[in-house]
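What follows is one structure encoded as structure tokens, with my remarks underneath.
Letters go in sequence order (proteins before strands), and every chain restarts at 1. As the structure is a prediction and not an experimental result, all values here were calculated from the model.
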Amino acid sequence: MTADSGDTGRGRGGRGRGDRQQQQQLLAWFDDQQRDLPWRRSRDPYSVLVSETMLQQTRAEVVAPRFIRFMTRFPDLETLAAAQPEQVLAEWSGLGYYQRARRLHAAVRQIAASGRFPQGAEQMRSLPGIGEYTAAAVASIAFGEEVAAIDGNVERVISRRLAFAGDPKLAEGRRVVREEAQRLLDRERPGDSNQALMELGATVCLPRTPRCRHCPIRSSCQGHLSGRPESFPAARRRRRLERHRWILVFCQRADGALLLERRSDEAPFLRGAWQLPTLELEGNGGDAAEREARSQRIVEAGPSALNQWLRRRFGGRWNVDGELASLRHAITYRQIEARLVAATASGRIAGESLDWFQLEEIAALQRSSLLDKALERALDEVSDGARETRRYGTDRGPVAAARR
DNA sequence: CTCCTGTGCA
DNA sequence: TGCACAGGAG
């Protein structure tokens with residue numbers, strides 16, 4: 001549903017005249033400049049499915065001879081369906097990603113059993129190994145379905161075309177890219193439109209060095225017009241920040257010794273490091289009891305609940321005196337928001353990974369900089385007076401000194 | 001969204 | 001040796 005009923009605008013999902021012109025320029029370029037690749041000689045859905053599966057993981061030049069071999073050995077869907085998995089894997093050998101070969105085989109067997117190749121992208125999606133991209137590619141190329149096939153190349157081409165500042169992998173970016181890719185589809189030749197965009201990405205709109213002078217649609221490309229096409233797509237955000245909320249317990253004995261806890265060797269990070277006794281309220285650490293504590297929201301229930309939790313975890317009797325400070329600490333993509341509380345303990349404290357240390361001994365331990373940070377803050381707060389400050393001195397203190 | 005898979009590259 | 005990639009799956 002669209003188009004040229006006199007409107008030049010680009011209402012959402014609609015097509016303006018400019019789109020039509022870009023489509024034609026893109027197709028003309030593709031007709032003229034496309035590489036001669038073996039899978040482009042047939043629109044048979046099975047053949048398209050095989051090539052798309054191979055191309056998911058391997059460059060076209062490498063795939064070309066292997067595709068020919070594969071199609072010689074398994075020329076049609078029924079032949080492949082009848083083959084043993086070992087035969088298929090043997091033919092796939094050297095291409096890697098054997099799980100994909102197994103899924104292709106399983107999908108082909110399902111299709112053969114059903115007696116008919118699924119006619120649309122939507123139906124194909126339910127087959128093993130066929131995701132959004134592959135379904136759209138096969139449906140558009142083999143069946144002329146008007147659906148954009150978005151692979152990494154298309155994502156880059158469109159991001160540049162729009163000078164899109166966001167991350168095309170994220171939900172909003174995916175939507176933006178899909179809508180624009182959809183606009184560039186020619187209704188008569190959606191398969192060629194899709195392939196043209198992918199070809200453009202593979203040969204012209206290259207990741208590092210776009211060759212804009214060779215691009216058939218540069219006149220409408222915002223990235224090109226911006227003068228810095230290579231800066232799109234925007235650098236992908238690093239791994240999503242993991243947020244952790246911890247409570248650090250500062251517990252100092254009358255003789256000045258501090259209670260420390262050694263992190264498990266199986267901890268997701270900071271393995272084996274000594275730290276203040278720590279409650280991990282949020283994050284993926286902690287043992288079973290700790291996860292239970294989280295689920296019961298014990299800490300939100302107040303200090304007495306915290307006392308109980310400490311007793312359960314470490315034994316003895318606990319009394320949380322108050323909050324000393326809150327601090328932030330970042331370790332690569334993990335961000336720790338820590339509340340530092342002071343507590344006193346009495347009775348027998350249990351645990352093999354729990355021990356008392358004099359301040360001078362701490363410097364020799366394996367510890368994270370979070371411990372140092374916390375100790376400085378804690379000693380600072382606790383001293384609360386010139387005499388005490390001189391005694392532990394955050395600047396001259398053994399911990400700070402050892403770190404230098 | 002987050003994880004996973006092998007591969008290829010730095 | 002660790003990370004980026006490129007899709008699919010859960």
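Sorted by residue number, the members of residues 88-113 of chain A with any non-hydrogen atom under 4.0 Å from DNA chain C read Arg100(A), Arg103(A).
Distance Glu132(A) CD to dG8(C) C1': 11 Å, rounded to the nearest Å. When the P atom of dG7(C) is taken as reference, atom CD of Glu52(A) falls 9 Å away, rounded to whole Å. One can place CE of Met54(A) at 15 Å from P of dT7(B), the figure rounded to the nearest angstrom. Between the CZ atom of Arg174(A) and the P atom of dC1(B) there is a distance of 8 Å, rounded to whole Å. Note: CG (Leu127(A)) to P (dA9(C)) measures 9 Å, nearest angstrom. In this structure, Leu55(A) places its CG atom 12 Å from C1' of dA6(C), rounding to the nearest Å. In this structure, Arg125(A) places its CZ atom 11 Å from C1' of dG7(C), rounding to the nearest Å. Taking atom CZ of Arg59(A) as the reference point, atom C1' of dC5(C) lies 12 Å away to the nearest angstrom.
Environment of CZ in Arg213(A): sparse, with no more than 12 heavy atoms of neighbouring residues, nucleotides or ligands closer than 6.0 Å. The environment of CZ in Arg253(A) is crowded: more than 12 heavy-atom neighbours from other residues, nucleotides or ligands sit within 6.0 Å.
Using bins of under 30°, 30° to 60° and over 60° for the plane-to-plane angle, the ring pair Phe67(A)/Trp39(A) lands in the perpendicular bin.
Applying the side chain to side chain donor-acceptor pair (under 3.5 Å) definition to pairs two or more places apart or across chains, those involving residues 127-140 of chain A are Glu52(A)-Tyr133(A), Gln56(A)-Thr134(A), Glu132(A)-Arg174(A), Ser140(A)-Asn194(A).
We find that Asp192(A) and Arg43(A) are joined by a salt bridge, their nearest charged nitrogen and carboxylate oxygen being less than 4.0 Å apart. No salt bridge links Glu122(A) with Arg125(A); every basic N to acidic carboxylate O contact stays at or beyond 4.0 Å.
Side-chain nitrogen and oxygen atoms of Gln56(A) include at least one within less than 4.0 Å of the OP1 or OP2 phosphate oxygen of dG8(C). A close approach under 4.0 Å does not occur between any side-chain nitrogen or oxygen of Thr134(A) and OP1 or OP2 of dG7(C).
Between the side chains of Arg311(A) and Gln308(A), no donor-acceptor pair is found at a separation under 3.5 Å.
Ranked by how close their nearest DNA chain B nucleotide is to the 5' end, Ala171(A) and Arg208(A) are led by Ala171(A).
Within the 4.0 angstrom heavy-atom criterion, no nucleotide atom of any strand lies near Gln57(A).
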